[in-house]
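Remarks on the structure that follows.
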Amino acid sequence: MKSAFRKISRVGSLTGGTKWYLSEDCLLAAKRMMYAVEYRRFYLRDLESIVVLPNRAWLWRMVLVVVLFAGLGVAFWQWVDSTAGAIFGGVGLVWVAAELAIGPTAGSRIRTTGASVDLPLVARTRRARKILAKIDAAVRAARGGVEQPTAPVTSAQPAEPILQTSSEAPSGTVSIADATQTNGS
């Protein structure tokens, strides 16, 4: 029997990690901590937003690696051999180059109608666009395309002027219909 869930992401850690699954109506997070697994289900119709941001700890990890390997490289260069010092220095440079190449680590926040949860969706920010596109397509399919368009829709009929009294709004405000016409839409 084929499962309705398909794995879209995996974020590992030393004690476990989180695997993300997507189905027609929900997004499922399976968070493993040692020998226990905690499941969290997010229904697609209830999703409000998913935000993926770069984590600041990424820079500190690079600084720590540079300081550690540079210190070891200098120590081995002076006390052991210049070759050993060059090896440690080279390992540190390769590590930093690899960190820069794969990009910053990511943190994410998932907001639904009832809660806001911080769970890692992706390990690095460069993969986030691909995963978020899959989730966005599933959300659109689950909601049936009922969402309102992001760009304003203009009609063929001219917009009627909106009468405002001085108590409703200041005289310098412009109606939304007038603003959409002046924006070139």
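In this chain, numbering begins with 1 at the start of the sequence shown.
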ask   = Which residue pairs pass the salt bridge (charged side-chain N to carboxylate O under 4.0 Å, His left out) test when at least one of the two sits in residues 91-102, sequence neighbours left out?
value = Arg61-Glu99, Glu99-Arg124
Sequence neighbours left out, cut at 3.5 Å: what donor-acceptor pairs do the side chains of residues 41-54 make with other protein atoms?
none

request  = List, by chain and then residue number, the residues other than Ile102 in its hydrophobic cluster (Ile/Leu/Val/Met/Phe/Trp/Tyr, side-chain heavy atoms under 4.5 Å); write none if there are no others.
outcome  = none
Arg10 CZ to Leu121 CG distance, which is reported to the nearest 0.5 Å = 14.0 Å
Could you go through residues 79-87 and list every donor-acceptor pair under 3.5 Å that involves a side-chain atom there, pairing it with any protein atom two or more places apart or in another chain?
none

note = Output for pair (Ile8 CD1, Leu132 CG), nearest 0.5 Å, gives 8.5 Å
ask   = Between Arg127 and Ser9, is any pair of side-chain heavy atoms under 4.5 Å apart?
value = yes
query = If you measure from CZ on Arg140 to CD1 on Ile135, what distance do you get to the nearest 0.5 Å?
reply = 13.5 Å
In residues 62-69, what donor-acceptor pairs under 3.5 Å come from side-chain atoms, sequence neighbours left out?
none

request  = For the pair Arg126 (side chain) and Ala101 (backbone), establish whether a donor and an acceptor sit closer than 3.5 Å, ignoring hydrogens and angles.
outcome  = yes
In one Ile/Leu/Val/Met/Phe/Trp/Tyr side-chain cluster, 4.5 Å: Trp20, Val117 = yes
Atom pairs and distances, side-chain donor-acceptor, residues 21-32, under 3.5 Å, sequence neighbours left out:
{"from": "Ser23", "atom 1": "OG", "to": "Asp25", "atom 2": "N", "distance (Å)": "3.4"}
{"from": "Ser23", "atom 1": "OG", "to": "Asp25", "atom 2": "OD1", "distance (Å)": "3.1"}
{"from": "Ser23", "atom 1": "OG", "to": "Cys26", "atom 2": "N", "distance (Å)": "3.3"}
{"from": "Ser23", "atom 1": "OG", "to": "Cys26", "atom 2": "O", "distance (Å)": "3.4"}

remark   = d(Leu119 CG, Arg109 CZ) to nearest 0.5 Å is 11.0 Å
